[in-house]
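Numbers restart at 1 for each chain; the letters A, B, ... are given by sequence-line order, proteins then strands.
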Number of protein chains: 2
Amino acid sequence: MTDGTAHIHDHEHCIDTAIARARELCGAREVKLTPIREKVLEIVWRSHKPVGAYDVLDQLARTHKAARPPTVYRALDFLMAEGLIHKIESLNAYLGCGEAGHMHESQFLICRACGTAEEIVDDALDAALDAATKRSGFTVERKVVEIAGVCARCQTL
Amino acid sequence: MTDGTAHIHDHEHCIDTAIARARELCGAREVKLTPIREKVLEIVWRSHKPVGAYDVLDQLARTHKAARPPTVYRALDFLMAEGLIHKIESLNAYLGCGEAGHMHESQFLICRACGTAEEIVDDALDAALDAATKRSGFTVERKVVEIAGVCARCQTL
DNA sequence: AGTTGAATGTTATGTTGTATCATTAGCCCA
DNA sequence: TGGGCTAATGATACAACATAACATTCAACT
């Protein structure tokens, strides 16, 4: 286990919880969490680090020989549409969403030292974003907030 | 002229101003705004829309046959390091910086209808970002804020 | 002129993401 | 029960974005 956050939680449990939650949500919404989609979700959740689509593909291909780029991108698109994962634009990588269920704007703290990305929910920040756009008469559809730097833990190492 | 913002300003003048400013800054900093770098800056400034590296390459190649992807990426890297342009991560595209000279965090309103990206400077928003990270003990190096939606003008069309 | 370091040239390749059409799987229901 | 519909997946090809590595040129200083 090389995951920099492994020390603070039971990661298998955290994956299982995320998948169980995804099943519930998809059931309630009457959309299909197919085996491929579920497997991709699990692969993304296996790390708290954002993971690239082709890394997902490599891992998926171990159990699913037919996997190709479109296989992965379709699954990722589905999972994003359902709010189960996020894309980190500044890394071209994907991350499991810890707040799945209620749609929300995502804000990330990305550590360049350990590679982890922490999703934060800050209502004051979100309000400031809305205020900034309201002034311009701009209608918001998506808010990308990605803060890169060094996390508290890595600074002490 | 198909630029959605062309109606509100003299674009040639705005390009000239940006290049003159870039020359000043590079002179003061004793870094070289070479012909290639200046041409790339001009190409980026020709639109208020973020422009892809390969679009820049196509345009650069008209006057500079030897241009290749590294030619363009090197120039873009230089211009970004000097704060003369920004990269829009969610579009993989580049945009002239209207606030060149003082280093600052960039925040963008990106209209999916007309393709323009407006750079905004909102101190309250920036303060909210800092507050959010301070709480986590996170050291910020770069802040990416990209708000996508529909601009005021496009909503009325 | 000779040396040095930055900039550019050149070739190749790596990485990320889509378009397109064919095939399969689940579901409704006549 | 099997025909017809739609969603999902398979499969091939390619487009778009970006960098590695090494060669050459150029400008500045001595």
Side-chain angles (χ1 to χ4, degrees), chain A residues 22-23 26-27 29-41 43-44 49-82 84-95 115 144 146, chain B residues 22-23 26-27 29-41 43-44 49-82 84-95 110 112 115 117 144 146 148:
Chain A
R23 283 180 178 148
C26 290
R29 292 171 187 167
E30 300 189 0
V31 296
K32 291 173 201 163
L33 188 64
T34 63
I36 287 176
R37 290 167 176 174
E38 186 173 312
K39 185 69 186 172
V40 167
L41 179 62
I43 289 167
V44 170
K49 303 180 188 185
V51 56
Y54 279 70
D55 284 350
V56 172
L57 176 55
D58 289 344
Q59 294 180 61
L60 181 61
R62 291 179 195 161
T63 57
H64 188 88
K65 265 190 48 179
R68 297 286 181 275
T71 316
V72 168
Y73 282 102
R74 285 164 179 157
L76 292 172
D77 287 347
F78 170 86
L79 295 170
M80 281 191 286
E82 296 303 324
L84 299 170
I85 63 173
H86 295 293
K87 179 174 185 182
I88 310 292
E89 295 289 350
S90 57
L91 299 174
N92 294 320
Y94 304 82
L95 183 67
V144 173
E146 297 173 7
Chain B
R23 283 182 179 145
C26 290
R29 291 173 188 165
E30 300 188 2
V31 297
K32 293 172 201 165
L33 188 63
T34 62
I36 287 177
R37 290 166 177 177
E38 186 173 311
K39 185 70 185 170
V40 167
L41 180 62
I43 290 167
V44 170
K49 303 178 187 183
V51 55
Y54 278 69
D55 284 349
V56 173
L57 176 55
D58 289 343
Q59 294 180 60
L60 181 61
R62 291 177 194 162
T63 58
H64 189 88
K65 268 190 48 180
R68 297 286 181 275
T71 316
V72 168
Y73 281 103
R74 284 164 182 159
L76 292 172
D77 287 346
F78 170 86
L79 295 170
M80 282 193 286
E82 297 303 324
L84 300 170
I85 64 172
H86 294 293
K87 179 175 185 182
I88 309 292
E89 295 289 351
S90 57
L91 298 175
N92 294 320
Y94 304 82
L95 184 66
I110 304 161
R112 68 163 165 72
V144 174
E146 297 173 6

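Remark: C1' of dA7(C) and CZ of Arg68(B) are 16 Å apart, rounded to the nearest angstrom. The distance from atom NZ of Lys32(A) to atom P of dT24(C) is 18 Å, rounded to the nearest whole Å. One atom, CD of Glu89(B), and another, P of dT16(C), lie 13 Å apart when rounded to the nearest Å. Between the OH atom of Tyr73(B) and the P atom of dA21(D) there is a distance of 18 Å, rounded to whole Å. Taking atom CG of Asp55(B) as the reference point, atom C1' of dA16(D) lies 10 Å away to the nearest angstrom. Per the geometry, CG belonging to Leu60(B) stands 9 Å off P belonging to dG9(C), to the nearest Å. Counting to the nearest Å, the P atom of dA16(D) and the CG atom of Leu57(B) are 13 Å from each other. In this entry the distance linking CG of Asp58(B) with C1' of dA15(D) reads 13 Å, nearest Å.
Of all nucleotides listed (dT16(C), dT19(D), dA7(D)), dT16(C) comes nearest to the side chain of Tyr54(A). Minimum atom distance to the side chain of Pro70(A) is reached by dT18(C), of the listed dA8(D), dA7(C), dT18(C).
Among the protein residues, Tyr94(B) comes within range of the sugar-phosphate backbone only, with heavy atoms under 4.0 Å from sugar or phosphate atoms but none that close to a base. If you check every strand for non-hydrogen atoms under 4.0 Å, Lys87(A) touches sugar and phosphate atoms only.
Comparing Arg74(B) and Pro69(A) along DNA chain D, the residue whose closest nucleotide (by nearest heavy atom) sits nearer the 5' end is Pro69(A). Map Ala66(B) and Asn92(B) each onto its nearest nucleotide of DNA chain C; the residue landing nearer the 5' end is Ala66(B).
Side-chain contact between Lys32(A) and Phe78(A) is absent, with no heavy-atom pair separated by less than 4.5 Å.
Rounded to the nearest 0.5 Å, atoms OG1 (Thr71(B)) and CG (Leu76(B)) are 10.5 Å apart.
Contact record, Pro50(A) with Leu95(A): N-CD1, 3.9 Å, taken as the closest heavy-atom pair.
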